[in-house]
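Since the structure comes first, as C-alpha cells, the remarks are kept for the end.
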Protein chains: 2
Amino acid sequence: MGKQQNYGIKEIAKRANVSIGTVDRVIHKRKGVSEKTRLKILKIIEELDYQPNVLASRLASKKIYRIGVLVPSASKETDFWNAPINGMKRAAEEIKQYGVEIYYCFFQLHSRDSFLTQIDNLWKKEVHGVILSPLFKEDARQFVADCNKQKLPLVYIDSYLEDQKALSYIGFNLNDSGRQVAQLFDYCLDGKDKILVANISWKIDDFHIEQGFRSYLIDKGSTRPVIKVDIRHTDYAYIKDSLQNLLKDHTDIKGIFVTNSRVNIVAKFMEDIGRKDIFIIGYDMTEENLKYLKNGTIHFLICHKPEFQGYQGIMTLYQYLVLGADVKEMQYMPIDILTNQNYQYYQMSNEL
Amino acid sequence: MGKQQNYGIKEIAKRANVSIGTVDRVIHKRKGVSEKTRLKILKIIEELDYQPNVLASRLASKKIYRIGVLVPSASKETDFWNAPINGMKRAAEEIKQYGVEIYYCFFQLHSRDSFLTQIDNLWKKEVHGVILSPLFKEDARQFVADCNKQKLPLVYIDSYLEDQKALSYIGFNLNDSGRQVAQLFDYCLDGKDKILVANISWKIDDFHIEQGFRSYLIDKGSTRPVIKVDIRHTDYAYIKDSLQNLLKDHTDIKGIFVTNSRVNIVAKFMEDIGRKDIFIIGYDMTEENLKYLKNGTIHFLICHKPEFQGYQGIMTLYQYLVLGADVKEMQYMPIDILTNQNYQYYQMSNEL
DNA sequence: TCGTATTTCGTGTACGTTAACGCAATATAA
DNA sequence: TTATATTGCGTTAACGTACACGAAATACGA
C-alpha cells in the first residue's frame with residue numbers, strides 16, 4: 001500500500017549532525033560515543049522508526065553465526081530424527097547467505113556416553129547458539145545451565161526440561177496430544193470398548209500423554225475400560241510375548257494406543273496373528289509406520305511436524321542472532337491427524 | 001560442513017580475462033557481448049557453479065516487483081479469505097527487503113461485475129505477477145489468457161481452471177479431500193448409517209469432493225446409504241426449511257457432510273432443533289465454524305492451510321521473479337483434520 | 001584510405017552497512 | 001607546564017552486484 005520511505009543511517013547521521021560512524025557505534029552498542037550524542041541519535045532512530053537494511057548489513061559484515069545441534073541420530077529402531085534434520089538443512093540452505101553455519105552433533109539414542117562425548121564435541125566448536133534434545137535429563141540439565149551461564153542461546157526441540165529455562169521450546173503439548181487420541185478412539189469405538197495403552201520404551205516417558213488420554217475420558221464421563229502396559233524392551237520377540245499375554249487376559253480389547261513411534265511393531269504383531277478388528281493409533285510418520293498406515297493396520301498416526309520442528313529451531317536462532325528479534329518461548333506444533341487418505345500430502349517439503 | 005568457497009563475478013571475470021561488466025552482461029542476458037566471450041564466460045560460470053549473491057544483487061538493484069492479488073474479499077457470509085490474506089501479508093513482510101510490493105484487488109463473492117472491475121483495476125497497476133482465485137470461470141479464463149499473452153506469471157489459489165495453464169496452482173485436491181471425509185464417517189458411524197451430503201452454495205462447485213467421497217465408499221465395498229442435497233440459497237431460513245424436510249423424509253440420517261464452509265449453518269440448525277446425535281463434518285476453520293466445533297456440534301473440520309496458501313502464493317512469485325527459480329506447477333496443501341481437541345494449535349502463524 | 005557506425009568491452013559509481021584507522025579534543029599524570 | 005592516555009568522533013575502504021557511460025576495437029561504406 002503506502003510507499004513507505006525507508007531511512008538509513010545516513011539520514012540519521014544528517015539529522016543528528018554526526019557521521020555515520022557514530023550512528024553505527026550507537027546501533028551496535030559499541031563504546032566511543034558520549035552519552036549526550038548517544039541519546040540524541042537514539043531519539044532520532046525512534047522517530048524515524050529506523051529499520052536496519054539486513055541485506056546491506058549482512059553484505060558488509062563477515063560475521064559467522066555457528067549453530068550447534070545436539071540431537072539423537074536416526075537409528076535402525078526409528079528414523080524419526082531424519083525429519084527434523086531435513087528441516088534444519090532446509091533452513092540452513094535458506095539462510096546460508098546470512099552467514100549461518102550448522103554443526104551437527106549426533107548422539108546414540110540409548111548411550112549416555114555418546115551424549116557426553118557430543119557435548120564435549122560441541123564445546124570445541126565455539127558455537128553462538130544451540131539446539132538440544134534433552135533426552136538424558138540430568139546431563140542435559142547441567143549442559144543447559146552451562147549454556148545459560150555463558151549466555152549461549154539454547155532452543156529445546158521435541159522435549160524440554162521444566163526446571164531449566166531456555167530461549168525457546170519447539171515441540172508439542174503431550175497432554176493435549178493424548179487427549180486428541182482419546183477423542184479419536186471415543187469417536188471410532190463403541191462406548192464400552194476396552195483400550196490398551198502401551199508404552200514401548202526403555203524408560204517411562206509417556207506420563208503426560210497417558211495423563212491427557214485419561215483426562216479426556218474423565219471429562220466426558222466415560223466408563224470405558226482402559227488398561228496400561230509398560231514394555232521396557234523394544235525387540236519384536238519381547239513385545240510379541242507381552243502382547244500375546246495381554247490379549248489372552250483381555251479378549252475384549254478393541255483399541256490399542258501406542259504412546260510413541262514404535263506403533264509399527266504392534267501393527268506387525270497384529271498382522272502376524274491375523275487380527276484386523278483392533279483399532280490402532282500411534283505416533284509419527286516414520287517409514288515403518290507409514291507401511292502399516294497404508295495397508296490399514298494402523299488407523300491414525302499423530303504427528304507434530306517433525307521436519308518443521310527442525311526448520312523452526314534453526315530459524316528461531318537465526319531470528320534471535322542475526323535479526324536480533326524477540327522469539328516466543330513456547331512454540332507448540334499442531335497435533336496433526338494422519339490417515340492412509342491424507343498422509344501423501346504431509347510432505348511439508350518446501351517450508352511452509 | 002564443508003567450508004565452501006563462494007565465487008563471485010569478480011572471480012569469473014578474472015578467469016575469463018574480461019571485466020566484471022562483461023560478466024554482468026552475460027548473466028543478465030543483455031546484449032553487447034560477442035558470442036565467443038559469452039560462451040567462455042558461461043563455461044566458467046558452469047565450472048564454478050556460480051551462485052549469485054542475492055543480497056548484493058538486491059542491494060544494487062532498485063527494481064520493484066509488483067504483485068497483483070485478485071481474490072474475494074472476506075464477507076459477512078464467510079471470513080475464509082481473511083486467512084490467505086494474512087498469509088500474504090506475512091510473506092510480504094518477510095520479503096519487502098527484496099522490493100516486492102503487493103496490490104490487493106478484492107472482488108465481491110457473488111458479483112461478477114466487481115470481478116471485472118477489479119481486473120481493470122489490476123491492469124492499471126502494471127504488475128509483474130498475479131495471484132488469482134478464478135471463481136468466475138469464464139471471465140477468469142479470459143484474464144488468464146491475457147496474462148499468458150503478456151507473459152505475466154500467474155498463480156492460481158484455492159481453485160484453478162483445468163483448461164488454462166498457469167505458473168502454479170496452490171490449493172488442495174478436492175477428490176482426496178472428499179475421500180478423507182468418507183473415511184472419517186466410516187470410522188465413526190456404524191456400517192449402515194445413512195449420510196447426507198449437503199452442498200450449500202448458489203452454484204454447484206463440489207463435484208470432485210462428492211466424487212471422492214463416494215469413491216472411497218465404493219472402494220471399501222460399502223453399502224452405506226448416501227443421499228445428496230443441493231441447497232442453492234445461503235440464508236438460514238431457506239436452509240432450515242430444506243433440512244427440516246430432509247430429516248422428516250430420512251429419519252435415519254446419522255451423519256451430515258457439508259461440502260464447504262457453510263457447515264456452521266447446519267450446526268446452528270441442529271442446535272436449534274436440539275439434535276445431538278448426528279455426526280457433522282465440514283470445511284474450514286472460520287470463526288463461525290470454530291464456535292460449533294468447540295461446543296461439539298461439529299465433529300471434524302477439514303482444513304487446507306488457508307493462511308499458508310496465501311503465504312505460499314506470494315513466495316512462489318517471489319522465487320520465480322526475484323530468484324529466477326523454477327516452481328512446482330501443482331502445490332497441494334495437506335488435508336488437515338481438526339477437532340475441538342487440536343484446533344488451538346492450528347494457528348500456522350509462522351510458515352507452514 | 002579515411003570517416004563513420006556498430007559492436008564489444010572496461011571503468012566507475014552506487015546500494016546501505018560494517019569496522020578499521022586515525023585525528024582532534026579533552027582528561028590525567030608527571 | 002609538558003608529556004601521555006583516553007574519549008569522541010569523522011573518514012574511508014570494503015562487501016558483491018547493477019548499470020550508465022564512454023572508450024577501444026572492429027566493421028562497413030565511400
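Nothing here was measured: the structure is a model prediction, and the numbers come from that model. Quick note on labels: first sequence line is chain A, next is B, and so on, each numbered from 1.
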Report the distance from atom [atom1] of [X] to atom [atom2] of [N], rounded to the nearest whole Å.
X	N	atom1	atom2	value
Lys63(B)	dA18(D)	NZ	P	8 Å
Tyr98(B)	dA18(D)	OH	P	13 Å
Gln51(B)	dT17(D)	CD	C1'	15 Å
Ile9(A)	dT17(C)	CD1	P	5 Å
Arg30(A)	dT18(C)	CZ	P	8 Å
Tyr7(B)	dC15(D)	OH	P	16 Å
Arg25(A)	dT12(D)	CZ	C1'	13 Å
Lys36(A)	dC9(D)	NZ	P	8 Å

Can you identify which nucleotide, out of [options], has its nearest atom closest to the [X] side chain?
X	options	value
Ala60(A)	dG8(D), dC15(D), dT7(D)	dC15(D)
Ser57(B)	dT17(C), dA18(D), dA20(C)	dA18(D)
Ser34(A)	dC19(D), dC9(D), dT18(C)	dC9(D)
Leu59(B)	dT17(C), dG16(D), dT18(C)	dG16(D)
Asn53(B)	dG10(C), dC9(D), dT17(D)	dT17(D)
Ser19(B)	dG10(D), dG10(C), dG8(D)	dG10(C)

Using a 4.0 Å heavy-atom cut-off across all strands, classify [X] as base, sugar-phosphate, or nothing.
X	result
Lys62(A)	sugar-phosphate
Arg58(B)	nothing
Gly8(A)	sugar-phosphate
Ile20(A)	base

Does a side-chain N or O from [X] land closer than 4.0 Å to OP1 or OP2 of [N], or not?
X	N	result
Tyr50(A)	dG16(C)	no
Thr37(A)	dG8(D)	no
Lys10(B)	dC15(D)	yes

Let me know, please, whether Leu55(A) or Thr22(B) comes out on the 5' side of the other along DNA chain C by nearest nucleotide.
-> Thr22(B)
More 5' along DNA chain C: Val54(A) or Lys31(B), using each one's nearest nucleotide?
-> Lys31(B)
Where does the angle between the aromatic ring planes of Phe115(A) and Phe107(A) fall among parallel (under 30°), tilted (30 to 60°) and perpendicular (over 60°)?
-> perpendicular
So, Tyr160(A) versus Glu162(A): side-chain donor-acceptor pair below 3.5 Å or not?
-> no
How far does CZ of Phe172(A) sit from OG of Ser159(A), to the nearest 0.5 angstrom?
-> 9.0 Å
With rounding to the nearest 0.5 Å, note down the distance linking OH in Tyr98(A) to CG in Leu55(A).
-> 5.0 Å
Looking at Ile45(B), Leu39(B), Ile44(B), which hits side-chain contact (heavy atoms from CB on, under 4.5 Å) with Ile41(B)?
-> Ile45(B)
With nearest nucleotides of DNA chain D determined for Val33(A) and Asp24(B) from heavy-atom distances, which residue corresponds to the more 5′ nucleotide?
-> Val33(A)
Min side-chain heavy-atom separation Phe143(B)-Trp123(B) under 4.5 Å = yes
